[in-house]
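Worksheet for the structure shown next.
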Amino acid sequence: MTAEEIREKVRDILAEQAMIDVADVTDTSSPQDLGIDSMGLVEAIFAFEEAFDIQVPFNANAPDTKDFDISSVGAISEAVARLVAEQHP
Amino acid sequence: MKRVVITGAGSINALGGDVPSTLDAMREGRCAIGDLDIRDADRLAIRIGAQVKGYDETAHFNRQQIALFDRYTQFAVLAAREALSQAGLSFTGESAARAGVILGTSGGGLNTQDENYRAVYEDGKNRVHPFVVPKLMNNAAAAHLSMEYNLKGPSFTVATACASSNHAIGQAMGMIRAGLADVMITGGAEAMLCFGGVKAWEGLRVMSRDTCRPFCATRSGMVQGEGAGIFVLEDYDHARRRGADILCEVAGVAMTSDASDIVMPARQGAERAMEGALRDARLDASDIGYINAHGTGTAANDKTECAAVAHVFGAQADRLAMSSTKSMHGHCIGATGAIELLACIMALRDGVIAPTANWQELDPECALDIVPNTAREAKVSAVLSNAFAFGGMNAVLALRAA
């Protein structure tokens with residue numbers, strides 16, 4: 001899976017979670033900008049794990065830790081791509 | 001309206017197999033969280049819990065009982081034996097008709113469900129034991145207590161997730177207050193530490209992988225526990241007449257609903273519950289010397305609860321002690337309020353405030369006196385016990401020294 005395919009899939013998942021058009025999911029938007037709250041984020045992370053067959057290190061009590069950067073859509077895409085590379089070399 | 005007192009207490013939990021050993025552990029600030037010893041633990045991401053270790057069901061129950069008693073029912077029966085023995089009550093004729101049992105549980109016979117789903121789905125069996133239904137049902141523990149002690153009045157089970165015990169105790173208190181019963185057995189029991197039970201919690205991403213550190217800047221989430229806490233609630237005049245040893249008075253209760261979110265707590269709901277319990281008990285905020293916090297060790301709970309306490313108590317918030325004993329016995333879900341009530345009784349009766357164990361570093365959003373790591377002696381005449389459940393269902397109890 002190429003980086004671009006991963007990015008597209010991440011955007012699809014976030015768009016579905018936020019119930020908005022995928023065209024409105026830009027790299028610079030934060031989950032909050034898209035209307036995704038903390039539990040919505042937990043659900044989206046579950047969807048990443050299922051879609052890419054990866055384990056995402058994420059604890060809702062400390063969402064801002066550097067294990068998995070959720071500050072923006074772009075950061076999430078990069079973090080997912082890194083996990084896919086690490087866990088499916 | 002009748003006054004309601006506690007004349008018996010019993011428990012089994014990870015800290016100890018009875019009330020004295022539990023209170024000793026709380027005084028020492030001992031944390032019972034450790035590696036989970038359950039089937040398929042290697043397939044779990046969360047492998048810690050406050051488990052009742054070294055437990056042998058055959059030491060307490062015979063073959064017929066074990067066929068009918070899920071682990072949560074066993075815990076309830078063991079805790080009830082201790083509580084009833086302390087109260088020194090037995091029930092016959094009219095006294096039986098005037099006594100009942102209201103328990104809290106969230107998962108009920110979850111181990112029984114887990115084992116039998118495994119049998120039919122994973123092992124491909126097409127037959128299960130004939131008593132699976134009466135063993136797993138959420139009212140099984142209450143039913144067995146009614147049978148064991150001949151309680152023939154109002155009996156049922158309350159399920160409000162993490163507030164189940166407090167709702168149950170509040171409801172039992174209401175029965176006696178209203179004159180519908182003279183004695184009520186109440187509290188809660190929970191045994192969710194099985195593969196399916198932990199796996200479900202794992203999904204929520206709020207569980208800690210190391211330990212439970214409520215109100216601490218470095219907290220990493222909640223840790224599940226298990227066990228039971230059972231109490232004998234009695235009409236004050238009834239207890240006085242028979243010369244019973246009164247442990248404390250259940251002076252007030254309030255139940256509120258956030259009506260906002262299925263998992264995120266709302267400050268206003270917690271505030272209304274604490275204010276309501278004070279009002280119901282005719283206590284002033286300045287009367288409260290200790291709060292047993294809900295204190296789950298999640299960011300969502302701890303920040304909201306501290307803000308709510310600060311708002312309700314104002315300047316008084318700096319003069320009261322508040323601790324989360326979940327740091328020691330874990331979050332016992334539907335039994336947790338009952339087990340935590342033991343810390344309230346210890347504060348009122350023995351003048352010892354149980355600590356918040358595992359605490360490391362101040363969180364500015366939880367800047368109350370949370371009694372870090374070491375128990376403290378204090379003269380306390382009234383306390384609150386908080387429970388704020390998923391579903392936004394809150395129940396706060398107010399207790400007063402006897």
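Numbered from 1 within each chain, the chains take letters A, B, ... in sequence-line order.
- Only the side chain of Val263(B) comes within less than 4.5 Å of a heavy atom in chain A; its backbone stays farther off.
- For CE of Met26(B), the number of neighbouring non-hydrogen atoms (other residues, nucleotides, ligands) closer than 6.0 Å is greater than 12.
- In this structure, Gln55(A) places its CD atom where only 12 or fewer heavy-atom neighbours from other residues, nucleotides or ligands lie under 6.0 Å away.
- Within a 6.0 Å sphere centred on CZ of Phe195(B), other residues, nucleotides and ligands contribute more than 12 heavy atoms.
- Around the CZ atom of Arg82(A), the shell of radius 6.0 Å holds more than 12 heavy atoms that belong to other residues, nucleotides or ligands.
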- Message: For a side chain to side chain contact (heavy atoms under 4.5 Å, CB included) check, start with the C-alpha distance between Met207(B) and Asn61(A), then their side-chain angles and the critical distance, and finish with the verdict.
- Response: CA-CA 8 Å; Met207(B) 306 294 284; Asn61(A) 296 291; over 6 Å; no
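- Contacts between Glu49(A) and chain B at a heavy-atom distance below 4.5 Å involve the side chain alone, from C-beta outward.
- More than 12 heavy atoms of other shown residues, nucleotides or ligands fall within 6.0 angstrom of atom NZ in Lys199(B).
- Contacts between Leu204(B) and chain A at a heavy-atom distance below 4.5 Å involve backbone atoms as well as side-chain atoms.
- Remark: Arg205(B) CZ to Glu43(A) CD distance equals 12.0 Å, nearest 0.5 Å.
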